[in-house]
Trainee: 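Submitted below is the structure of interest, expressed as structure tokens.
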Amino acid sequence: MVFSSLIFLFVFFPVFLIIYYLCPKSLKNLVIMISGIIFYAWGEPIYVVLIMISIVVDYIAGRVIHKLDDKKIARTIALIVSISYNLSILGVFKYSGFLINNFNDIFGTTITNPNLPLPIGISFFTFQSMSYTIDLYMRKIQVQKNPITYAAYVTLFPQIVAGPIVRYRDIALELVDRKIDLTKINEGILQFINGLAKKVLIANNIGMLWTTVKTMEIAEMSVLTAWLGILAFTFQIFFDFSGYSDMAIGMGKMLGFHFPMNFNYPYLSKSVSEFWRRWHMTLGNWFKSYVYFPLGGSRKGTARTVRNLIIIWFLTGMWHGASWNFIIWGMYFGAIIIFEKFFFGKILEKIPSIFRIIYTFLIVVLGWVLFDTNSLNQAFGFIGTMFGGGEGLADGTSFYLLKNYAIILAVAMFASTNIFDKLWKKLMIKFPGVTGWILPFVKIVIMLVCIAFLVNATYNPFLYFNF
Amino acid sequence: MKKNLLMIILFFIIIIGLPIATIILPDEKFSENENRFLAEIPKADLISIQNEKFMNGVEAYISDHFVGREKWIQSKNKIDLLLGKTEIAGVITQNNQMIEVWKEYDSELLERSLVDINNFAKNNPEINVSFILSPTVQGVSMDKLSSYAGLINQEEFIKNCYKELENLATIDIFTALKANSDNYIFYKTDHHWTSGGAYLAYVQYCDYAGIDPYQEEEFYIEDVSDSFRGTLFSKTLNSEVDSDVIKYYILKENEPEVEVEIVGKNIVHEELYFREYLEKKDKYSSFLGTNEAIVNIKSKVNSNGKSLLIIKDSYAHALVPFLSKQYENITMIDLRYMNPRSIKEIDISNYTDILFMYNVITFAGEKSFFILDEFKDN
């Protein structure tokens with residue numbers, strides 16, 4: 001089930017909220033668990049068993065790790081079992097095709113590709129599950145003995161299919177005891193509507209520009225068309241993913257949970273290293289906690305640091321998809337970050353902010369070309385066209401696209417900065433009464449516009465569903 | 001505190017109120033504007049849940065019957081216009097005219113179609129085979145659409161198709177339609193041509209066939225409806241474009257009586273025009289009904305032995321009323337609806353002339369020309 005759909009907004013969510021708010025505290029986690037399983041099964045009626053097995057395996061592993069606190073080997077085995085199960089299902093369902101194809105290419109074998117379907121959210125819930133057992137093993141959290149409470153953590157529907165990647169430690173206390181008050185619910189609703197608008201009004205619409213450009217012949221494209229296309233994707237993927245995260249975090253607040261932030265105005269970053277501290281923050285934090293730091297981080301000398309960074313960026317690329325262009329995309333950022341860290345980081349700090357932002361933005365935009373084209377050839381061809389390798393600076397097609405998408409592109413650009421935020425805060429200080437009363441109505445109008453678009457929807461893909 | 005409450009209350013009014021309104025209001029079974037039956041509550045069993053048919057069915061049901069559905073779509077289209085969008089749902093609307101946008105087609109499919117038609121004509125040299133390929137309003141309005149990118153040049157398209165169809169007589173109607181493009185030859189809210197547009201094609205066909213066409217003055221033109229809103233209206237729900245006028249061309253003298261038989265469904269219509277459709281939304285179907293596999297139009301007066309087989313799409317429906325005045329028998333067949341049994345009903349040797357009549361968009365997408373091989377000359 002997609003959050004930005006009529007069935008979620010008008011059937012699942014209201015029914016869930018009514019039951020959740022009315023039922024006693026002791027039953028709330030049970031409601032979360034059952035609704036989460038229904039939510040997941042709605043999209044994966046068969047593979048819902050994978051997540052259920054995951055819950056059982058990791059719950060038991062957790063109990064074992066806790067019980068055998070003094071038996072190092074046994075608890076290590078329990079951890080290995082948990083990690084192995086999660087990585088195996090991830091490996092099999094997500095990467096088997098990729099591995100088999102590459103094996104065949106290298107060794108000339110003809111192993112058949114089983115072409116397994118990718119269960120929704122498998123890249124998210126496996127990482128979330130592993131965060132529990134790993135943190136428990138490292139003695140950073142307490143064991144969760146209540147199976148329903150643990151199950152509720154895994155199946156919590158706001159983040160089950162597309163993040164943010166909520167580690168157990170992030171909501172350990174709230175799972176057991178959380179306050180649900182009107183202020184939080186209000187905040188949650190505001191953030192939820194923001195997220196819905198980001199996805200339905202901006203991402204879905206600007207995405208159509210990129211879809212149009214993607215079908216064109218790269219060699220015949222003008223410079224302006226190529227740039228319009230990739231800028232459209234740059235904003236589409238941001239608003240799509242951050243919008244979904246906002247909806248998840250907003251709903252979390254309505255339920256009494258504080259999920260970690262996932263996006264923090266990433267396109268305002270002043271360096272590529274900073275970009276990755278503002279984009280998909282929960283993924284970066286996960287890899288930092290469970291891979292980078294255990295490997296020594298940046299504390300074991302230059303060579304080790306470089307090695308660790310290469311590993312992290314290889315894994316980050318791979319996490320995004322079972323295909324070489326994602327791995328290369330990850331390594332692309334890895335290389336630049338290594339350069340920033342060891343070579344021109346200091347120089348960068350001396351350059352005026354605006355140029356740093358432009359530099360970072362350009363690097364990221366070129367990265368998106370690698371990310372969303374079908375082959376390296378296509379990616380390089382497209383980048384070539386962006387710098388004049390196609391046909392002409394601008395043509396009829398570019399002006400037509402500009403005319404149709406100028407407004408939405410401008411809105412996207414401004415909305416990706418904190419301009420609106422700052423403006424609103426100034427207004428709230430100057431006119432506290434009025435703004436307080438206007439805001440709900442503005443948000444409701446935005447929500448009604450979103451509903452109009454949803455009813456009319458022919459185009460509502462969520463890009464990160466492949467993860 | 002109170003402001004918190006306001007947002008919360010408004011939010012819940014929407015997410016609870018709208019579904020309740022949807023449940024309370026009775027379900028419509030058929031959408032006239034979308035020309036399809038609306039989804040029904042799907043069956044829930046192990047199989048439908050496993051293959052997700054149940055889930056998809058529920059989602060389709062909710063969106064099909066969502067309260068105020070068409071109003072939401074109209075609002076969305078208006079917002080699109082405010083955002084600077086020029087094409088809504090594949091339709092350009094300018095100067096009180098809706099234009100269906102045509103930007104791409106399957107060129108391999110087209111090649112195969114042209115080869116199939118050529119072979120058919122080659123295999124039946126004793127019969128006069130001709131082809132009318134009609135543009136749509138986009139085709140004759142290219143000068144008014146210069147700010148749009150990617151539109152197919154239909155004049156070129158027709159020329160290229162005609163060049164390939166060497167074994168048959170290709171009839172140029174583009175010139176006549178283009179010359180009259182400021183007249184009412186295409187509907188404003190529908191993708192079809194008007195009776196006036198079809199008349200121009202009729203004159204060109206007569207020129208080819210060596211028939212003396214009836215002049216416009218010889219007709220009494222009856223305005224049978226001025227409230228026709230067609231397929232393009234359905235796509236956009238834009239009611240600001242004027243509704244269309246349906247006109248019947250009836251000979252002032254000696255209008256022949258015809259009988260229309262829908263073969264295979266045992267329906268015989270005593271009148272040329274299906275006036276019952278004028279009460280419904282799809283008024284264009286008053287021209288010989290909707291698309292059927294085989295339709296026979298028999299003139300009760302003419303016995304000149306001339307018999308015409310038309311292989312067609314719905315554009316022909318506006319043209320046949322004219323041709324029916326000069327042929328003893330016309331058979332219309334729609335390849336999309338033919339099956340092995342209906343193919344057997346057709347004996348091409350019964351016909352003196354065969355005419356292919358299509359508009360460019362339908363023609364480029366037609367997948368069934370391979371059936372032509374099946375028509376045996378007995």
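All values below were derived from every heavy atom in this structure, side-chain atoms included, with hydrogens, water molecules and symmetry-related copies excluded. In what follows, chains carry the letters A, B, and so on, assigned in the order in which the sequence lines appear, proteins first and then strands, with residues in each chain numbered from 1.
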Trainee: For A:Val15, which atoms come within 4.5 Å of any heavy atom of chain B: side chain, backbone, both, or neither?
Mentor: neither
Trainee: Does atom CG (B:Leu46) have a neighbourhood of more than 12 heavy atoms from anything else shown, all under 6.0 Å?
Mentor: no
Trainee: Which is it for A:Ile18 and B:Ile16 under the side-chain contact (heavy atoms from CB on, under 4.5 Å) test, yes or no, and what are the steps along the way?
Mentor: CA-CA 10 Å; A:Ile18 293 175; B:Ile16 296 182; 3.9 Å; yes
Trainee: Counting heavy-atom pairs under 4.5 Å with chain A, which one of B:Val58, B:Ile62, B:Ile9, B:Thr86 comes out on top?
Mentor: B:Thr86
Trainee: Do other residues, nucleotides or ligands put more than 12 heavy atoms under 6.0 Å from the CD1 atom of B:Ile47?
Mentor: no
Trainee: Using non-hydrogen atoms and a 4.5 Å limit, figure out which bit of B:Glu87 sits close to chain A: side chain, backbone, both or neither.
Mentor: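 Looking at B:Glu87, backbone and side chain both touch chain A.
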Trainee: Is it the case that more than 12 heavy atoms not belonging to A:Tyr21 sit under 6.0 Å from its OH atom?
Mentor: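 More than 12 heavy atoms, drawn from other residues, nucleotides or ligands, come within 6.0 Å of this atom.
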Trainee: Which answer fits B:Lys78, side chain, backbone, both or neither, if we ask what part of it has an atom under 4.5 Å from a heavy atom of chain A?
Mentor: neither
Trainee: Are there more than 12 heavy atoms of other residues, nucleotides or ligands under 6.0 Å from atom NZ of B:Lys71?
Mentor: no
Trainee: Taking all heavy atoms of A:Pro14 and all of B:Ile15, pick out the closest pair and write down the distance.
Mentor: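 Looking at all heavy atoms of both residues, the shortest contact is CG-O, 3.3 Å.
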Trainee: For the interface with chain B, which of A:Pro45, A:Gly396, A:Gly43 has the highest count of heavy-atom pairs at distances below 4.5 Å?
Mentor: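 Between A:Pro45, A:Gly396, A:Gly43, the count favours A:Pro45.
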Trainee: Evaluate the side-chain proximity of A:Asn456 to B:Arg69: yes if any heavy-atom separation is below 4.5 Å, no if none is.
Mentor: no
Trainee: Evaluate the side-chain proximity of B:Phe11 to A:Lys443: yes if any heavy-atom separation is below 4.5 Å, no if none is.
Mentor: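 Answer no - side chains too far apart.
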Trainee: List the atom of A:Thr397, the atom of B:Ala149, and the distance in Å for their closest heavy-atom pair.
Mentor: CA-CB, 3.8 Å
Trainee: Is there side-chain contact between A:Ile444 and B:Met7, with heavy atoms separated by less than 4.5 Å?
Mentor: yes
Trainee: Counting C-beta onward and ignoring hydrogens, is there a side-chain heavy-atom pair between B:Phe12 and A:Leu17 closer than 4.5 Å?
Mentor: yes
Trainee: Are more than 12 heavy atoms, taken from residues, nucleotides or ligands other than A:Phe420, located less than 6.0 Å from that residue's CZ atom?
Mentor: yes
Trainee: Name the region of A:Phe192, side chain, backbone, both or neither, that has any atom closer than 4.5 Å to a heavy atom of chain B.
Mentor: side chain
Trainee: Please say whether more than 12 non-hydrogen atoms of neighbouring residues, nucleotides or ligands are located less than 6.0 Å from CD in B:Gln94.
Mentor: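 Atom CD in B:Gln94 is packed in, count exceeds 12.
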Trainee: Could you grab the distance from atom OG1 of A:Thr183 to atom CD1 of B:Ile8, nearest 0.5 Å is fine?
Mentor: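 One gets 8.0 Å once the value is rounded to the nearest 0.5 Å.
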Trainee: Out of curiosity, A:Asn205 CG to B:Asp80 CG, how far, rounded to the nearest 0.5 Å?
Mentor: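 These two atoms lie 6.5 Å from each other.
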Trainee: Tell me, side chain or backbone of A:Ile189 under 4.5 Å from chain B's heavy atoms, or both, or neither?
Mentor: side chain
Trainee: Quick one, B:Ile79 with A:Phe453, criterion side-chain contact (heavy atoms from CB on, under 4.5 Å). Give me CA distance, side-chain angles, the key distance, then yes/no.
Mentor: CA-CA 9 Å; B:Ile79 296 173; A:Phe453 274 74; 4.1 Å; yes
Trainee: Using a cut-off of under 4.5 Å for heavy-atom pairs, which of B:Ser63, B:Ser147, B:Pro19 has the most such pairs with chain A?
Mentor: B:Pro19
Trainee: Heavy-atom cut-off 4.5 Å, strictly under: side chain, backbone, both or neither for B:Asn51 against chain A?
Mentor: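 Contact with chain A: none, neither part.
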Trainee: Heavy atoms, side chains only, cut-off 4.5 Å: are B:Leu6 and A:Trp437 in contact?
Mentor: yes
Trainee: If you compare all heavy atoms of A:Leu448 against all heavy atoms of B:Trp72, which two are closest, and at what distance to 0.1 Å?
Mentor: O-CZ3, 3.3 Å
Trainee: Considering heavy atoms only, which positions within residues 401-409 of chain A lie below 4.5 Å of chain B?
Mentor: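 Residues in range: A:Lys403, A:Asn404, A:Tyr405, A:Ile407.
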Trainee: Look at atom CG of B:Asp45 and say whether more than 12 heavy atoms of other residues, nucleotides or ligands are closer to it than 6.0 Å.
Mentor: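 Counting other residues, nucleotides and ligands, CG of B:Asp45 exceeds 12 neighbours.
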Trainee: Against chain B, label A:Met254 side chain, backbone, both or neither, depending on which of its atoms sit under 4.5 Å from a heavy atom there.
Mentor: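 Side chain of A:Met254 only, per the 4.5 Å heavy-atom cut-off to chain B.
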Trainee: Where is the tightest heavy-atom contact between B:Ile14 and A:Ile451, given as atom of each residue plus distance?
Mentor: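 Heavy atoms of B:Ile14 and A:Ile451 come nearest at CG2-CD1, 3.9 Å.
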Trainee: Do other residues, nucleotides or ligands put more than 12 heavy atoms under 6.0 Å from the NZ atom of B:Lys281?
Mentor: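 Check passes, neighbour count above 12.
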Trainee: So which heavy atom on B:Met55 is nearest to which on A:Trp42, and how close?
Mentor: CG-O, 3.3 Å
